[in-house]
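A short worksheet on the structure shown next.
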Amino acid sequence: MIGLLAIIIGFLVGTGTYLILKKTAFKVALGLVLYGQAANLLIITMGGVKLGEPPIILREAGISYSDPLVQALILTAIVIGFGVTSYLLVLVYRAYQAHDSDSVDLFEEVDDK
Amino acid sequence: MFSVLWVVFIPFIFAALTPLIQKFIGEDRIGLWGVIAALLSFGGVLSLAGYGLGDEPLYVIYEWAPTFGLTLGFYIDGLSWLFAFLISGIGVLINLYAYWYLHKPDPFGRFFAYLLFFMGSMLGLVLSSNLIILIIFWELTTISSFLLIGYWSHTERARYGAVKSILVTSVGGLAMIGGAVILTVITGTAEFPELIKKAAFIQEHALFFPILLLLMLGAFSKSAQSPFHIWLPDAMEAPTPVSAFLHSSTMVKAGVFLIARVHPIFSGREEWILLIASIGLITMVLGAYYALRKVDLKAILAYSTVSQLGLMIMALGFADVLGAKATAFHIMNHAAFKGMLFLVVGIIDHETGTRDISRLSGLRFTMPKTAVLAFIGAFASAGIPLFNGFLSKELIFEAAYDQIGVASWMAVFPVFAVVGSILTFTYSMKIFFRVFYGEEAKELPKHPHDPPFGMLFSPGLLAAVTVIVGILPFIAERFVNAATAAITQQPADFYLTIWHGFTPALWMSVVTVAIGIVLYSRKALLEVLHSKPPFGLTVNAMYDWWYPNIMLGAEKLIGVFQSQKIRFYFMYILGMVVVLCGWVLIRDGHFRFIPHDLMHAETYEYLGALAFILATIGVALFRSRLAKVISLGVVGYMLCATFIVLRAPDLALTQLLVDIVTVILFVLVIYFLPQLKEVKESLSVKIRDLAVAGLTGAFVTVFVLAVYAHRHTTSVAEYFLDNAYELAGGTNVVNVILVDFRTFDTLGEIIVLAIAGLGVYALVRMGVAHKKKKDSSI
């Protein structure tokens, strides 16, 4: 199972990298979303894979649960990732309005001056 | 002993206070501040004379950073005291001279601050007992020399000379650090007294020659030995007091000092003689030859200094008592007569406005006092009896002649010592007779006359020393004996006299003077020397080729690394992560995984994973933007499914909601943002991006497996599982963590979201305002 997860994470990061290296801001945004998802998957594997029941306490003895801490971390990460994505998309839209272009290089030039 | 710290740090403290004092006493008088500092330091050195001239050296160690084993140690024996005496003593004279020499609009304060900074560094260099501390002070002298050469920074030549000096000497300095580190590692100490005790061990060590060579590269570059001599003539762009102080009497002798300091550690093996005596010999002859060809007085003196330093280093290379003694004596004498000659040239430059030997002549009529000084300096430099230069040069002849007894090929030393001395004699005569004799020069930029007393005082005192030591050499005996004892680590008890009888050295002197007179008086012979091609200039040509090209190369490199394109920076960062982390994983054997657990999964999980991967690739592969976004949505759903498989129901729910909203957002953007024409990417760019992406992805896969196989620590999750119900009264542990145990984290999360929401709102509103403005402007 961990092997499959590792390959999936590898593909997420690889595809994300490929998209982030593009000039079009829209594609960069897509790449960043993939990065976020890869990070979330990576964190959950750190807590172990399929160690037990979902972490909802049944108040019975002898039941093992999966790691709740990584899940709490990821929950936060998903939400914040969404916030960042939405902000980024509006920024892309806004940059297009101002410059009639969605090239990433545009941000850099504006940054310089 | 407090006075050691006093000697070294008084100049630094005074240098730092210069700007403040200048406010109080005015820029015109700041030179006196320099004189006071030098006098105080000189007084400190004199108070240490008991150690410098006595039998027992002073060795003090101050704790600096004990936890790192760093100490600040000083070692005062005959050698270091002699240097400290010369540095602080000549320092007083130079400060005094500079007080009259400088004139508006040069910034005085800066000059004296630099000069004191140099003086402190140089004193620290010679007095420190530790090789590492010595190197620190060594580099400080390089920096102060750079600042002083570039003092008249408005001239191109000064900037060129300053950069050249710091580059050439730093190259040697770097080599020296390497040598010092190896030496410290193999012996476990950098303190000179300890190293001297371990001399036998060091000489037996396999790394003996690398250490010696690296240290000597530092010494040779600092003391302008061939082929590193190229920086010294260009350093003459500095104001003349600086040339007299740094570039003839003190700083350039740092290399000689280092060789003398490590003499008891390294000398005794043949490499020492081969390396040091040979380089000294070559430099001595070449330097004298170039000096003869020059017409600028300062250039003549610069090459003359190169040549004389070569002479001293050659004598030290002989690794015997006589060579050490000759060097110690010549260090003193050279500091006196060459420093004085520089000051005299400074006077000539100052009063006539030129240093060109072909324009100057007959100055003895208008500048009689200066002529007397020049006469003493030139004759001491030529090695004429009754001047100090004669005595030490004859000692070096004697030492060179003795080498014939060691090995017959070493007869080259006495022979070429005579050749070099003949050239030295000739240019020294040129300095005096060309400038002060002959027709009285017309059309000089200024009307020449003797300078004020202040400018005559310093060279006058040095001239007096030159003559007195020349006639009554026993005055210098204690200095020379103490220094010789320090260099050879054997008690030294010599007498210095003018007359030794008809020794081979005397005949060598006679030959020198006789051929020198012939050479000087026969114009034709001089012409032959002048007309030869300047073959040695190739070193300069190499530097001049190398310097702009290295700058160009640096600019290109910066252009590559600082491309101003974020995606390139991103690529470099990823590349470094992959290479460095990957290397560590492999090197430390962390790359392993648990095989039985690796690919064990249900069939539906395999199918799901396949769909996950295909959807992921689709995000990049699909041409249409809508298809990309749909593919992204599928990725989100597959992630959601993965969370379910991994027993994380809360995550699955959240991911589902967020995925839906994200897709809607992207579709909205597609709606508002027209498909813009994209620049076609070339195949090579695509391949490059693919390679970076592929490598990064592969690395992360390996990384996940490696980390998974290494989960050793127990998770704090146990605590939450045990206490969620009892302490917080909740059964969903994930929710309890978020709202009870880690409430502030959740608060922070909400704040981030709120800020992002505000940002989105503000951006959208601003967009509207912008649009309106745009419309109204049409």
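Chain letters run A, B, ... following the sequence lines, proteins first and then strands; every chain starts at 1.
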Q) Phe741(B), Tyr708(B), Phe612(B), Phe720(B): which one forms the most heavy-atom pairs within less than 4.5 Å of chain A? A) Tyr708(B)

Q: May I ask you to name which of Val752(B), Leu653(B), Leu632(B) has the most heavy-atom pairs under 4.5 Å with chain A?
A: Leu632(B)

**Q.** Flag if over 12 foreign heavy atoms under 6.0 Å of OH, Tyr761(B)
**A.** no

Q: Output yes when Glu681(B) and Lys22(A) qualify as a salt bridge under the 4.0 Å nitrogen-oxygen rule, no when they do not.
A: yes

Q) Which region of Leu695(B), side chain (C-beta onward) or backbone (N, CA, C, O), has a non-hydrogen atom less than 4.5 Å from a non-hydrogen atom of chain A, or is it both or neither? A) neither

Q | Structural part of Leu753(B) lying under 4.5 Å from a heavy atom of chain A | A | side chain

Q: Measure distances from Ile2(A) to the heavy atoms of chain B and classify the residue's part below 4.5 Å as side chain, backbone, both or neither.
A: both

(Q) Does atom OH (Tyr572(B)) have a neighbourhood of more than 12 heavy atoms from anything else shown, all under 6.0 Å? (A) yes

Q) Side chain, backbone, both or neither: which part of Phe672(B) has an atom under 4.5 Å from a heavy atom of chain A? A) both

Q) Less than 4.5 Å apart, any side-chain heavy atom of Thr746(B) and any of Thr76(A)? A) no

Q: Apply side-chain contact (heavy atoms from CB on, under 4.5 Å) to Gln655(B) and Gln37(A), showing your working.
A: CA-CA 10 Å; Gln655(B) 179 62 39; Gln37(A) 293 175 340; 3.8 Å; yes

Q) Take atom CZ in Phe699(B); do more than 12 heavy atoms of anything else shown fall under 6.0 Å from it? A) yes

Q | Part of Thr642(B) lying under 4.5 Å from any heavy atom of chain A | A | side chain

Q | Greatest number of heavy atom pairs closer than 4.5 Å to chain A - which of Ala693(B), Gly636(B), Ala609(B) | A | Ala693(B)

(Q) Heavy-atom pairs under 4.5 Å with chain A - which of Asp650(B), Val685(B), Leu690(B) has more of them than the others? (A) Leu690(B)

Q.
Can you tell me which of Thr15(A), Ile44(A), Thr45(A), Val33(A) forms the most heavy-atom pairs within a distance under 4.5 Å of chain B?
A. Thr15(A)

Q: Report yes if the side chains of Pro68(A) and Ile737(B) come closer than 4.5 Å at any heavy-atom pair, otherwise no.
A: yes

Q. When heavy-atom pairs shorter than 4.5 Å are enumerated against chain B, which of Val13(A), Ile80(A), Ile20(A), Ile56(A) gives the highest number?
A. Ile56(A)

Q) With chain B, which of Ala38(A), Gly83(A), Ala72(A), Gly47(A) has the greatest number of heavy-atom pairs at distances under 4.5 Å? A) Ala72(A)

Q.
Please classify the contact between Thr85(A) and chain B as side chain, backbone, both or neither, with a heavy-atom cut-off of under 4.5 Å.
A. side chain

Q) With a 4.5 angstrom heavy-atom cut-off, which part of Leu42(A) approaches chain B: side chain, backbone, both or neither? A) side chain

Q | Within-4.5 Å side-chain heavy-atom neighbours: Phe643(B) and Ile74(A) | A | yes

Q. Counting heavy-atom pairs under 4.5 Å to chain B, which of Leu5(A), Asn40(A), Leu4(A) comes out on top?
A. Leu4(A)

Q: Go through Asp689(B), Thr696(B), Asp659(B) and name the one with the most non-hydrogen pairs under 4.5 angstrom from chain A.
A: Asp689(B)

Q. So do Val635(B) and Leu34(A) actually touch side chain to side chain, heavy atoms under 4.5 Å?
A. yes

Q: Pick one of side chain, backbone, both or neither for Thr24(A), based on which atoms fall under 4.5 Å of a heavy atom in chain B.
A: side chain

Q) Does the side chain of Arg567(B) reach to within under 4.5 Å of the side chain of Lys23(A), using non-hydrogen atoms? A) yes

Q | Nearest non-hydrogen partners of Arg647(B) and Gln71(A), listed with the distance | A | O-NE2, 3.0 Å

Q) So which of Leu721(B), Val734(B), Val716(B) actually passes side chain to side chain contact (heavy atoms under 4.5 Å, CB included) with Leu69(A)? A) Val716(B)

**Q.** Taking every non-hydrogen atom, the tightest pair across Ala724(B) and Ile57(A)
**A.** CB-CD1, 3.9 Å

Q) Side chain, backbone, both or neither: which part of Val733(B) has an atom under 4.5 Å from a heavy atom of chain A? A) both

Q | Verdict with reasoning, Tyr18(A) to Val692(B), per side-chain contact (heavy atoms from CB on, under 4.5 Å) | A | CA-CA 8 Å; Tyr18(A) 185 75; Val692(B) 173; over 6 Å; no

Q: Name the option with the most non-hydrogen atom pairs under 4.5 Å to chain A; the candidates are Leu657(B), Thr654(B), Val736(B).
A: Thr654(B)

Q. Between Leu75(A) and chain B, which part of the residue has a heavy atom less than 4.5 Å away: side chain, backbone, both or neither?
A. both

**Q.** Parallel, tilted or perpendicular, as decided by the 30° and 60° cut-offs, for the rings of Phe26(A) and Phe666(B)
**A.** perpendicular

Q. Do other residues, nucleotides or ligands put more than 12 heavy atoms under 6.0 Å from the CZ atom of Arg742(B)?
A. no

Q | Selection from Val84(A), Ile9(A), Val79(A), Leu58(A) maximising heavy-atom pairs under 4.5 Å formed with chain B | A | Val79(A)

Q. Where on Ala29(A) is there a heavy atom nearer than 4.5 Å to chain B: the side chain, the backbone, both, or neither?
A. both

Q: Could you look at Val760(B) and say if it's the side chain, the backbone, both or neither that has a heavy atom under 4.5 Å from chain A?
A: both

Q) How about Met1(A) and Glu602(B): do any of their side-chain heavy atoms sit closer than 4.5 Å? A) no

Q. Is any side-chain heavy atom of Tyr87(A) closer than 4.5 Å to a side-chain heavy atom of Leu763(B)?
A. yes

Q. Is there a side-chain contact between Phe11(A) and Thr701(B) (heavy atoms, below 4.5 Å)?
A. no

Q: Nearest 0.5 Å please: distance from the OH atom of Tyr96(A) over to the CG atom of Leu673(B).
A: 6.5 Å

Q.
Return the CG to CG distance between Leu89(A) and Leu668(B), rounded to the nearest 0.5 Å.
A. 9.5 Å

Q.
I need the residue from Leu73(A), Asp67(A), Val70(A) with the largest number of non-hydrogen atom pairs under 4.5 Å to chain B.
A. Asp67(A)

